[in-house]
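Here the structure is laid out as structure tokens; the discussion comes afterwards.
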Amino acid sequence: MPKKAVLKTVKAGKSGTATVTIGKAGGKVSGYAIQVSKKVTTYRTAKTTYTLKNLSKGKTYYVRVKAFTKVSDKNVYGAASKTIKVKAK
């Protein structure tokens with residue numbers, strides 16, 4: 001099982017975007033699941049940076065991340081990171 005993921009920063013970009021930076025989690029990691037409120041959406045990536053798109057201007061979003069690893073074709077998740085809020089520009 002992967003260790004707790006570290007959410008380093010979430011920075012609002014221009015026109016409805018935000019960049020998420022993830023610190024590497026310990027243990028065997030296949031990727032990261034980025035959870036975003038307001039849209040109730042989960043994005044999966046193997047990279048430690050990810051750009052959220054199509055965010056509504058002026059809205060506040062809450063972002064957290066979990067590391068995961070694949071075991072027998074199933075994703076096993078580690079603990080969630082702290083939550084960071086970002087306001088879309």
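Nearest heavy-atom pair, R64 versus T83, reported as atom, atom and distance to 0.1 Å: CB-OG1, 4.0 Å. Nearest approach of A25 to A5, heavy atoms of both residues: CB-CA, 4.0 Å. Taking every heavy atom of both residues into account, A33 and Y77 meet most closely at CB-CE2, 3.8 Å. Here the closest heavy-atom approach between residue V63 and residue L52 is recorded as CG2-CD1, 4.1 Å. In this structure, I22 and V65 approach most closely via the heavy-atom pair CD1-CG2, 3.8 Å. Closest approach of T42 to R44, counting heavy atoms only: CG2-NH1, 4.0 Å.
For the residue pair T51 / T17, no side-chain donor-acceptor distance below 3.5 Å is found, with atom types taken as modelled.
Considering OG1 of T21 and NZ of K11, their distance stands at 7.0 Å, rounded to 0.5 Å. In this structure, NZ on K57 lies 10.5 Å from NZ on K87, to the nearest 0.5 angstrom. Atom CZ of F68 is separated from atom CG of N75 by 5.0 Å, given to the nearest 0.5 angstrom. The NZ atom of K4 sits 7.0 Å away from the OG atom of S81 when rounded to the nearest 0.5 Å.
For the pair S30 (side chain) and K70 (backbone), a donor-acceptor distance under 3.5 Å is present. A donor-acceptor contact shorter than 3.5 Å is absent between the side chain of T69 and the backbone of V76.
For the side chain to side chain contact (heavy atoms under 4.5 Å, CB included) test with I84, the passing option among L7, V20, T9 is L7; the others fail.
Ring-centre distance between Y43 and Y50: below the 6.0 Å cut-off.
Taking 4.5 Å as the limit, every side-chain heavy atom of V36 sits out of range of all side-chain heavy atoms of Y62.
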